[in-house]
Protein chains: 4
Amino acid sequence: MEKADKRCAIIRAALELVAEHGFHGAPMSMVSEKAGVAAGTIYCYFDNKETLIRETYGYLEGRIVETVTKRYPGDRPVRERFLHVGEALIRYYIGSPLEFRFLEQFHNSPFGVEHRRDKFMGKRGGCDIFRELFEEGVSQQVMKDLPLVILFALSFGPILTVVRDHVLGFVILDNTLISRTLEACWDGIRR
Amino acid sequence: MEKADKRCAIIRAALELVAEHGFHGAPMSMVSEKAGVAAGTIYCYFDNKETLIRETYGYLEGRIVETVTKRYPGDRPVRERFLHVGEALIRYYIGSPLEFRFLEQFHNSPFGVEHRRDKFMGKRGGCDIFRELFEEGVSQQVMKDLPLVILFALSFGPILTVVRDHVLGFVILDNTLISRTLEACWDGIRR
Amino acid sequence: MEKADKRCAIIRAALELVAEHGFHGAPMSMVSEKAGVAAGTIYCYFDNKETLIRETYGYLEGRIVETVTKRYPGDRPVRERFLHVGEALIRYYIGSPLEFRFLEQFHNSPFGVEHRRDKFMGKRGGCDIFRELFEEGVSQQVMKDLPLVILFALSFGPILTVVRDHVLGFVILDNTLISRTLEACWDGIRR
Amino acid sequence: MEKADKRCAIIRAALELVAEHGFHGAPMSMVSEKAGVAAGTIYCYFDNKETLIRETYGYLEGRIVETVTKRYPGDRPVRERFLHVGEALIRYYIGSPLEFRFLEQFHNSPFGVEHRRDKFMGKRGGCDIFRELFEEGVSQQVMKDLPLVILFALSFGPILTVVRDHVLGFVILDNTLISRTLEACWDGIRR
DNA sequence: GATGAATGAGCGTTCATTCAT
DNA sequence: CATGAATGAACGCTCATTCAT
């Protein structure tokens, strides 16, 4: 196995175990077993468990930014861009339920809170696209004049909840349901 | 100390510790210490840690139902009832950040998922009032004709997100912001 | 087994294992096994390994002070008192080779150095009797006018070395050899 | 890099790390890093960690013998030779605190004890010069008629202790203090 | 019922050593 | 010879749970 492959296998294993059982239900011994490496090998690639989880998160974040950015209609109206972003997110999450569950676990851990705070406090990351979109929406007066945080909540709150319900089998998000849900979100934030 | 008091003290201690440090940051020994009882005593009242956490959750659920039900304007229009429920929830959570944090921890644990599944699959609980409200909203054609799960997501997704942001200090929810947020939620679900 | 007995058994086990194999050759698992308790039990009595070792040291220090103090001829000339102290030390160490080895290990560990520094810097302990003796010796002009540290080295350096040689079997310290060695030490420090 | 250079670099690295952090604070990986070689390379030169430490000790022993032997006034009286040896040792140790700390660590490890035993039991090493000096001192009746081991203890016990105190900063050994200390040692062993 | 000392499986992590390159 | 990624046994320590009192 190549070096990069091994690193990747460890991240995959961590991803899956954390997604299924949470941070504390994913002992390093289990991660190493699932990745097919020895216990100590993980520490050749990651300083400690926290770092492993953070880097797994970073890896996912990259993929999501990629997903959302791809074919982003930067020159279309705000509404259309919003719907694009929402749909990209929902489709990505639905297609990668493990990733989705991992992200939920991460966001709900101390790391996640800290991470959000950092990002919020200015150290931007891939979220700039969201910020720009909403700021433009407000300044063009097509969105309600609410704090960004509230607009985010009105948009991503339902999206994440809806995806969770889908992943848990409480609803099946087909194409029409996805678009109707996103339209409803738009109704929530639009003027 | 009375028997009921002791039981209650244990639940309070569990609540606070889980809220502050998460499930795995709340060892039984710490719970017993905070509750002012011996380590073994907890097991006189609860079979094991899982049960303790579940019952703590049940206790909170009861209080929330109480909160939402109190002064519930059952004879007023759907919109008004929705706003009442939403405001009751937000105010309760904001006034009881510990409870809110506990609930978030619980919902994001394996227990939480299982719990939601049980409730969804028919074993109702205190959520009937929500269900009734939304079913009526749909049948009266004042709400969008979407699955209940989606309407829940459009309503409680933003509410919980917004409260979390408040608790973490990313925004301050004053009276006007609360009502404007709830109006926006209503825009999302109304026809 | 009584509570105090268990604590004592753990200290004995730590003492023996550290004496024989050094700090790092005395894993907690071995200590617990030797003490006849479970691994976790040690932590009911001591915060961590460091504390266990420190308290073991403290226990020994107490016994030594006791030994040296007992029948200490406080009203006799400095020389006589010096010989009493030296002989008490040598006899104690020879009679308790395990204790002696432990002390050597301790003194040579980071803890030991720190401990000496603390004591030296003013936080006195049981060594006051030594300090008094030597200060009086200097002021009465029966000892050389050298810094206390040097006088200590001239006295305890040989004593500890000689005991070590005895314990390792390089020499057998009988009564005459003990007293002749102490006389030689006295020759080293006396005016 | 030459083969001999590499070997030497490894020994230097081991020496420094053991001196600073003790045997167990000097992992092979750290030694290799400090020496500027790969982890596995050490095993081209030394069978295992124990061997590395032993050979590091041997290297130091050689340097010390060299130091003590240089300008050794073999034709001068015993007293003078003793003072030369003592001063050479003290000056060497003080000038090479790392070496001194390593030696202390070594002497206090299981290896050290075994090493002393071997040497004592006949497999002589560089200590012959000491042995000769003291044997001559005794036979000329300028030294006390005590076993060699005791005379060694009376000489080197204080010397090592005094140097340790200097290295730890408890005293500063200037020229006069060195010579006065050595005179005191001589008082201890002389007739 | 209540206690809390005791348990021991399991955790995250380290590091001497190996071996394919 | 030299490399350094990989190994896995062993470490110190935690904590849910038990049970004699």
Side-chain angles (χ1 to χ4, degrees), chain A residues 1-4 6-7 10 23-33 35-52, chain B residues 1-3 6-7 23-33 36-53, chain C residues 1-4 6-7 10 23-33 35-52, chain D residues 1-3 6-7 23-33 36-53:
Chain A
M1 197 191 285
E2 292 270 329
K3 205 184 139 183
K6 210 166 263 181
R7 195 190 144 87
I10 293 167
F23 182 75
H24 294 283
M28 294 298 261
S29 57
M30 221 176 266
V31 173
S32 69
E33 198 183 356
V37 301
T41 305
I42 300 182
Y43 295 90
C44 296
Y45 295 92
F46 307 94
D47 276 355
N48 49 43
K49 189 174 180 180
E50 183 180 326
T51 302
L52 167 58
Chain B
M1 198 190 285
E2 291 272 328
K3 212 185 130 181
K6 215 167 255 184
R7 195 190 145 86
F23 182 72
H24 293 280
M28 293 297 262
S29 58
M30 222 176 266
V31 172
S32 69
E33 196 184 358
V37 302
T41 305
I42 299 183
Y43 293 88
C44 297
Y45 295 92
F46 307 92
D47 275 357
N48 49 42
K49 191 174 182 180
E50 185 180 323
T51 302
L52 168 59
I53 263 58
Chain C
M1 198 190 284
E2 292 272 329
K3 205 184 137 182
K6 210 165 264 183
R7 195 191 145 89
I10 293 166
F23 182 74
H24 293 281
M28 294 298 261
S29 58
M30 221 176 267
V31 173
S32 68
E33 198 182 358
V37 301
T41 304
I42 299 181
Y43 296 90
C44 295
Y45 296 92
F46 307 94
D47 277 355
N48 48 45
K49 190 174 181 180
E50 183 180 326
T51 302
L52 167 59
Chain D
M1 199 190 285
E2 292 272 329
K3 210 183 128 178
K6 215 168 256 185
R7 194 189 147 87
F23 182 72
H24 293 280
M28 294 297 262
S29 58
M30 222 177 266
V31 172
S32 69
E33 197 184 357
V37 302
T41 306
I42 299 182
Y43 293 88
C44 296
Y45 295 91
F46 308 92
D47 276 356
N48 49 41
K49 191 172 181 180
E50 185 180 324
T51 303
L52 167 59
I53 263 58

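Just so it is clear: chains get the letters A, B, ... in the order the sequence lines come, proteins before strands, and each one is counted from 1.
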Visitor: Assess whether atom CD of Glu50(B) is packed by more than 12 heavy atoms of other residues, nucleotides or ligands within 6.0 Å.
Guide: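 Enclosed.
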Visitor: Given atom CD1 of Ile42(C) and atom P of dG8(E), what is their separation to the nearest angstrom?
Guide: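 Going from Ile42(C) (CD1) to dG8(E) (P), I get 13 Å.
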Visitor: Report yes if at least one side-chain N or O of Tyr45(B) is closer than 4.0 Å to OP1 or OP2 of dG1(E); otherwise report no.
Guide: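 No.
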Visitor: What is the distance, to the nearest angstrom, from the CD atom on Glu33(C) to the C1' atom on dT7(E)?
Guide: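 To the nearest whole Å, that distance equals 15 Å.
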Visitor: Identify the pairs formed between an N or O of the protein and an N or O of nucleotides 14-18 of chain E at a distance under 3.5 Å, and give each distance.
Guide:
residue	atom	partner	partner atom	Å
dA16(E)	OP1	Lys49(D)	NZ	2.9
dA16(E)	OP2	Met28(D)	N	2.4
dT17(E)	OP2	Tyr43(D)	OH	3.2
dT17(E)	OP2	Lys49(D)	N	3.0

Visitor: With the side chain of Cys44(C) defined as its heavy atoms from C-beta on, choose the nearest nucleotide among dA6(E), dT3(F), dG8(F).
Guide: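 Of the candidates, dA6(E) comes closest.
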Visitor: Nearest 0.5 angstrom please: Tyr45(C) OH to Ile42(C) CD1, how far?
Guide: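 Atom-to-atom, Tyr45(C):OH and Ile42(C):CD1 are 11.0 Å apart.
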Visitor: Can you check whether His24(D) reaches Phe23(C) side chain to side chain, under 4.5 Å on heavy atoms?
Guide: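 When only atoms from C-beta onward are counted, Phe23(C) and His24(D) do not touch, as no gap falls below 4.5 Å.
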Visitor: Starting at the 5' end of DNA chain E, write a dot or bracket for each base, bracketing those in Watson-Crick or G-U wobble pairs whose two distances are under 3.5 Å and using | for partners on another strand.
Guide: .||||||||||||||||||||
Visitor: Taking all non-hydrogen atoms of both residues into account, name the closest pair between Ala38(B) and Ser32(B) and its distance.
Guide: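 That would be O-CB, 3.7 Å.
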Visitor: Please report, rounded to the nearest Å, how far the C1' atom of dA2(E) is from the CZ atom of Arg7(B).
Guide: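 My rounded result for the distance is 16 Å.
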Visitor: Output, in order, the C-alpha distance, side-chain angles, deciding distance and verdict of side-chain contact (heavy atoms from CB on, under 4.5 Å) for Leu52(A) and Asp47(A).
Guide: CA-CA 7 Å; Leu52(A) 167 58; Asp47(A) 276 355; over 6 Å; no
Visitor: When rounded to the nearest 0.5 angstrom, what distance separates NZ in Lys6(B) from OG1 in Thr41(B)?
Guide: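 With rounding to 0.5 Å, NZ (Lys6(B)) is 6.0 Å from OG1 (Thr41(B)).
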Visitor: Between atom CZ in Phe46(C) and atom C1' in dT14(F), what is the gap in whole Å?
Guide: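 Taking CZ of Phe46(C) and C1' of dT14(F), I get 18 Å after rounding.
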Visitor: If I take atom CD1 from residue Ile53(D) and atom CZ from residue Phe46(D), how far apart are they, to the nearest 0.5 angstrom?
Guide: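 Ile53(D) atom CD1 to Phe46(D) atom CZ measures 9.0 Å (nearest 0.5 Å).
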Visitor: OP1 or OP2 of dA5(E) sitting under 4.0 Å from any side-chain N/O of Lys6(C)?
Guide: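 So the side-chain polar atoms of Lys6(C) never come under 4.0 Å of the phosphate oxygens OP1 or OP2 of dA5(E).
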Visitor: Can you tell me how far the OG1 atom of Thr51(A) sits from the OH atom of Tyr43(A), to the nearest 0.5 Å?
Guide: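 Rounded to the nearest 0.5 Å, the OG1-OH separation comes out at 10.0 Å.
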